[in-house]
2 protein chains.
Amino acid sequence: MTALTPELTALLDDHHVGVVATAAADGHPRQSVVYYARVDDALVISTLGGRVKADDVRRTGWASLSVRGDEAPYPSATFSGPASIETGDLAATTALIFRRFMPDVEPPTEEQLAEAGRVILRIAIDRVSAVTHLG
Amino acid sequence: MTALTPELTALLDDHHVGVVATAAADGHPRQSVVYYARVDDALVISTLGGRVKADDVRRTGWASLSVRGDEAPYPSATFSGPASIETGDLAATTALIFRRFMPDVEPPTEEQLAEAGRVILRIAIDRVSAVTHLG
């Protein structure tokens, strides 16, 4: 496991939007913008279980997340590693993500998440690459 | 070729930073933050010929770029398609990119670009996906 430096930890904790990438079945990269939260050395993303990125993770067991600052020169890094899709015990983890960008809204319950078909995409940070303008 | 809608064209032209993704040799996605410019239905990125993302493009002939707005709810889209590495006639295209974020600085000459080992990574936009909060 790659140790997150204080600068990398701050980059992750100071922002709440990133770009997740997975490998599609045809081998091409697939990217989408997501809200995320950091839990120790892992990144968690709330998505729908039927989304193609969830299929990619089930098939390949790997994903990456690119995070950058909002101001030039845009400090940034890519965090990647083994990834999995979690379908139970979602409420507490999902609340961590939702509270980062909607602090005043009650996060969804376990039942609401199940009905909506939501899952957690979890990335265990194994590699940090493409680090720019940090520290 | 996917027609760019006015909303997608505006998203690309109103921003100058995105996340490029390529497929690494091990099949995992590789991501990094880059400056870009749009030229008709293509996206151009200035990078170093020795970078791993340039190797990925030479090997796979494909790349994608994720672009998002700066304010919640973060309008975004991913543009992907056949990609190539250009090693000559770089100055005019590179100037298009440099002028977007350094309008007051004279862009590098052909000779300077060659000496620095810079190349152009060009993506012909073939697919637009993961479109959120646009139009």
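Basis for what follows: all heavy atoms, side chains included, without hydrogens, waters or symmetry-related copies. In what follows, every chain begins at residue 1, and chains take the letters A, B, ... in the order their sequences are listed.
One finds the CZ atom of A:Arg127 at 14.5 Å from the CZ atom of A:Phe79 (value rounded to the nearest 0.5 Å).
For chain B, the nearby parts of A:Ser64 are the backbone and the side chain; heavy atoms of each come within less than 4.5 Å. Residue B:Val20 touches chain A through its backbone alone, counting heavy-atom pairs closer than 4.5 Å. Interface remark: A:His16 contributes side-chain atoms only to the contact with chain B (heavy atom separation under 4.5 Å). For a residue to count as touching a neighbouring chain, one of its non-hydrogen atoms must lie under 4.5 Å from one of that chain's; by this rule A:Phe101 does not touch chain B.
Across A:Asp70, A:Val17, A:Leu65, A:Val67, the residue that shares the most heavy-atom pairs under 4.5 angstrom with chain B is A:Val17. Heavy-atom pairs under 4.5 Å with chain A peak, among B:Arg51, B:Lys53, B:Gln31, at B:Gln31. Put simply, of A:Ala130, A:Ser80, A:Pro29, A:Ser32, the one with the most heavy-atom pairs under 4.5 Å next to chain B is A:Pro29.
By the 6.0 Å contact criterion, CG on B:Asp89 is open, its count of non-hydrogen atoms from other residues, nucleotides or ligands being 12 or less. Heavy-atom contacts from other residues, nucleotides or ligands closer than 6.0 Å to CZ of B:Arg38 number more than 12.
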Note to self: For A:Arg118 and A:Ser46: C-alpha separation, side-chain torsions, deciding distance, then whether side chain to side chain donor-acceptor pair (under 3.5 Å) applies.
What the structure shows: CA-CA 7 Å; A:Arg118 294 202 80 86; A:Ser46 174; 2.8 Å; yes
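Between the side chains of A:His15 and A:Tyr35, not a single donor N or O lies within less than 3.5 Å of an accepting N or O.
Using a 4.0 Å cut-off between charged side-chain N and carboxylate O, B:Arg59 and B:Asp56 make a salt bridge.
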